[in-house]
Amino acid sequence: MSDGHRKRALVTGGAGFIGSHLCERLLADGHDVICMDNLLTGDLANIEHLFGNERFRFFHQDVTNYIHVPGRLDFILHFASPASPRDYLELPIQTLKVGSLGTHKALGLAREKGARFLLASTSEVYGDPQVHPQHEEYWGHVNPVGPRGCYDEAKRFAEAMAMAYQRHHGVETRIVRIFNTYGPRMRLDDGRVLPAFMGQALRGEDLTVFGDGSQTRSFCYVDDLVEGILRLLHSSEKMPVNIGNPNEMTIRQFGDAVLKVTGGKSKFVFHPLPQDDPKVRKPDISKARRVLGGWEPKIGLDEGLRRTAEYFRGRVQKPKA
Ligand code: UDP
């Protein structure tokens with residue numbers, strides 16, 4: 001049978017947290033999916049349930065090297081990158097390489113195949129923002145030589161590269177700026193606040209709050225993000241779009257919410273605030289609402305945390321009594 005009607009999508013970083021949810025959703029939407037990952041921070045466990053699907057393939061390749069994908073491609077979703085502050089502190093060169101060289105290779109492939117390209121960018125392009133909430137026209141406040149510089153500048157470069165391929169080569173590009181997202185398949189040891197607090201709450205340990213915990217973030221459940229990304233992919237919007245949940249809270253309030261959902265009784269223990277840790281972060285999602293057919297986050301924090309806790313419960317080792 002001809003597969004003329006079926007679309008074929010490549011997801012780089014497809015074995016990661018967000019990448020694996022995207023692979024799942026693209027398969028559910030009826031597409032053929034190639035997942036590419038070098039498994040540096042991704043994990044085969046995130047996609048092993050997809051291996052039985054004949055429309056799913058896994059390529060163990062590093063997108064910073066020349067990538068070869070035989071056959072047609074309609075979509076390339078470029079999600080490969082370390083994405084937690086701890087990961088990119090430990091892997092600064094790989095982070096810079098995948099954002100720059102990897103994006104170049106993925107865009108080259110999109111050009112060759114005539115595929116639409118979607119870049120996973122980040123709220124980190126706004127740095128420690130002086131405009132609040134952050135809208136897409138804000139250029140940001142980024143320290144290029146600080147510990148987050150390798151990630152922030154790689155993603156800023158990646159956005160510039162996508163725009164250059166769009167303007168110069170006519171490649172159809174989309175850019176999503178992803179704000180803090182959480183859900184099942186986050187790595188327990190990636191250092192981000194959600195897996196840290198979940199693990200600690202479920203083990204009955206104190207929650208490690210950095211600084212005084214008054215810094216804010218706005219947390220989006222992964223399914224809401226994926227819905228927004230898919231709508232962006234299929235939209236005609238060529239400029240960056242923020243996707244996130246504008247429900248802003250302090251890190252202490254977030255800790256309380258995790259304790260409520262897990263039934264934990266832990267206390268907070270305070271650690272120094274990491275350098276350049278943004279003091280506030282909240283997406284302005286008016287553009288997403290406007291250009292993505294009324295998209296809105298639908299999963300509230302309690303429900304999202306409940307689903308996430310269910311995932312982590314089976315994975316957290318309780319210390320022996
Ligand atoms: N954070 C914390 N305790 C932790 C891990 C993180 O208080 O164990 C704080 C961190 O300093 C930041 C916020 O939680 O202010 C979110 O951190 P995360 O690493 O999840 O992502 P970021 O939004 O900083 O990229």
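When a residue number appears, it is its place in the shown sequence, counting from 1. For ligands, and for the atoms within them, numbers begin at 1 and follow the listed sequence.
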With a 3.5 Å cut-off and sequence neighbours excluded, list the donor-acceptor pairs that the side chains of residues 104-111 form with protein atoms.
from: His104; atom 1: NE2; to: Tyr165; atom 2: OH; distance (Å): 3.2
from: Arg111; atom 1: NE; to: His169; atom 2: ND1; distance (Å): 3.3
from: Arg111; atom 1: NH2; to: His169; atom 2: ND1; distance (Å): 3.4

inquiry  = Quick check: is Phe157 connected to Leu118 through a chain of hydrophobic side chains (ILVMFWY, heavy atoms under 4.5 Å apart)?
reply    = no
key: Pi-cation contact, Tyr311 with Arg315 (under 6.0 Å, within 45°)   = yes
query = Any chance NE2 of His168 has more than 12 other-residue heavy atoms, nucleotides or ligands included, within less than 6.0 Å?
reply =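 Atom NE2 in His168 is not packed in, count stays at 12 or less.
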Please produce the table of protein N or O atoms sitting under 3.5 Å from N or O atoms belonging to ligand 1, one pair a line, distance to 0.1 Å.
from: ligand 1; atom 1: 3 (N); to: Thr208; atom 2: O; distance (Å): 2.5
from: ligand 1; atom 1: 7 (O); to: Phe210; atom 2: N; distance (Å): 2.8
from: ligand 1; atom 1: 8 (O); to: Thr208; atom 2: O; distance (Å): 3.2
from: ligand 1; atom 1: 8 (O); to: Thr208; atom 2: OG1; distance (Å): 2.9
from: ligand 1; atom 1: 11 (O); to: Asp277; atom 2: OD2; distance (Å): 2.6
from: ligand 1; atom 1: 15 (O); to: Gln215; atom 2: NE2; distance (Å): 3.0
from: ligand 1; atom 1: 15 (O); to: Arg217; atom 2: NH2; distance (Å): 3.3
from: ligand 1; atom 1: 15 (O); to: Asp277; atom 2: OD1; distance (Å): 2.6
from: ligand 1; atom 1: 15 (O); to: Asp277; atom 2: OD2; distance (Å): 3.3
from: ligand 1; atom 1: 20 (O); to: Val193; atom 2: N; distance (Å): 2.9
from: ligand 1; atom 1: 23 (O); to: Asn180; atom 2: ND2; distance (Å): 2.8
from: ligand 1; atom 1: 23 (O); to: Arg217; atom 2: NE; distance (Å): 2.6
from: ligand 1; atom 1: 23 (O); to: Arg281; atom 2: NH1; distance (Å): 2.8
from: ligand 1; atom 1: 24 (O); to: Arg148; atom 2: NH2; distance (Å): 2.9
from: ligand 1; atom 1: 24 (O); to: Arg217; atom 2: NH2; distance (Å): 3.1
from: ligand 1; atom 1: 25 (O); to: Arg148; atom 2: NH1; distance (Å): 3.4

task = Taking salt bridge (charged side-chain N to carboxylate O under 4.0 Å, His left out) as the test, write out the residues that go with Lys287, two or more places apart.
result = Glu237
Check: residues 39-50 side-chain donor-acceptor pairs under 3.5 Å, at least two apart:
from: Asp43; atom 1: OD1; to: Ala45; atom 2: N; distance (Å): 3.0
from: Asn46; atom 1: ND2; to: Ala15; atom 2: O; distance (Å): 2.8
from: His49; atom 1: NE2; to: Glu24; atom 2: OE2; distance (Å): 2.5

